[in-house]
Every structure is written in structure tokens, then in C-alpha cells.
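Have a look at the structure below before the remarks.
The model shown is predicted, which means the values in this text are computed figures rather than measured ones.
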Amino acid sequence: MASCPGDGHLSTNYTCTSLSSGELYHRKYTNDQASTWYKKTSGSGITARVGYTRAGSTHSSGWFRQASGTTKTGN
């Protein structure tokens, strides 16, 4: 996985955002599927969930705990 560049653009349909304790990545595939993952690089553990809104409906994962040095992926 490449490090997140300043403009957040890795390639077509592949973006990222640098956060204070890690990087959030999102990739859309040609078959109408997407994947989002968070690479936590520093700081204390967090409790979080990943979600998105599509056609006015919000969809979220369950809550999870994540330690520094780990990556959490959701499809």
C-alpha cells in the first residue's frame, strides 16, 4: 500500500486522506464494489466504525477496536 500523497489521489478511483494518527484509503472497483481501509500508524488505540451513504441511505459497520500499527478493512 502506497503512502498517501498530499493531494490524496493515488490513481483513478483510488484516494486517501492523511489523518493525525494514520491514513484512510478508499478504492472503487469497476464491478460497482468498493473497499475502505484505515491504516493506524501512531497514537493510542481507537474505537471506530466505517460507513458510507448511498442514494440517501447510510450503511455502517459494527464498532471495532483498533491498535496502532494495524490496518482495518471493510468492503
Side-chain angles (χ1 to χ4, degrees):
M1 171 179 349
S3 186
C4 189
D7 68 359
H9 181 78
L10 293 165
S11 66
T12 302
N13 297 325
Y14 188 10
T15 61
C16 61
T17 301
S18 291
L19 304 170
S20 61
S21 62
E23 297 171 336
L24 181 67
Y25 292 84
H26 182 75
R27 179 175 243 170
K28 183 186 178 305
Y29 301 95
T30 57
N31 61 357
D32 223 14
Q33 297 293 311
S35 185
T36 299
W37 60 99
Y38 178 58
K39 180 180 174 184
K40 182 153 179 48
T41 56
S42 66
S44 300
I46 60 167
T47 300
R49 67 181 178 176
V50 178
Y52 65 93
T53 300
R54 180 178 178 191
S57 294
T58 300
H59 307 270
S60 298
S61 70
W63 290 94
F64 60 88
R65 179 114 175 107
Q66 185 172 354
S68 185
T70 63
T71 299
K72 174 68 176 172
T73 302
N75 295 321

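Rounding to the nearest 0.5 Å gives a distance of 10.5 Å between NE2 of His26 and OG1 of Thr17. Taken to the nearest 0.5 Å, the NZ atom of Lys72 stands 6.5 Å off from the OG atom of Ser61. In this structure, OH on Tyr14 lies 11.5 Å from NE2 on His9, to the nearest 0.5 angstrom. A distance of 11.0 Å separates CZ of Arg27 from SG of Cys16, quoted to the nearest 0.5 Å.
Nearest heavy atoms, Glu23 versus Cys4: OE2-N, 3.3 Å. Between Tyr25 and Lys39, the shortest heavy-atom distance links the atoms CE1-CB, 4.4 Å. Nearest heavy-atom pair, Ser35 versus Tyr29, reported as atom, atom and distance to 0.1 Å: CB-CE1, 3.9 Å. In plain terms, the two heavy atoms of Thr47 and Arg65 that are nearest each other are OG1-NH1, 3.7 Å.
Remark: the backbone N or O of Ser42 is paired with a side-chain donor or acceptor of Lys40 at under 3.5 angstrom.
Under the rule for a side chain to side chain contact (heavy atoms under 4.5 Å, CB included), the partners of Arg54 that lie at least two apart in sequence or sit in another chain are Asp32, Tyr52.
When only modelled atom types and interatomic distance are considered, Thr53 and Thr58 share a side-chain donor-acceptor pair under 3.5 Å.
Grouping Ile, Leu, Val, Met, Phe, Trp and Tyr by side-chain contacts under 4.5 Å, direct or through others, puts Tyr38 with Leu19, Leu24, Ile46.
For the pair Pro5/Leu10, a side-chain contact is recorded, criterion being any heavy-atom separation below 4.5 Å from C-beta on.
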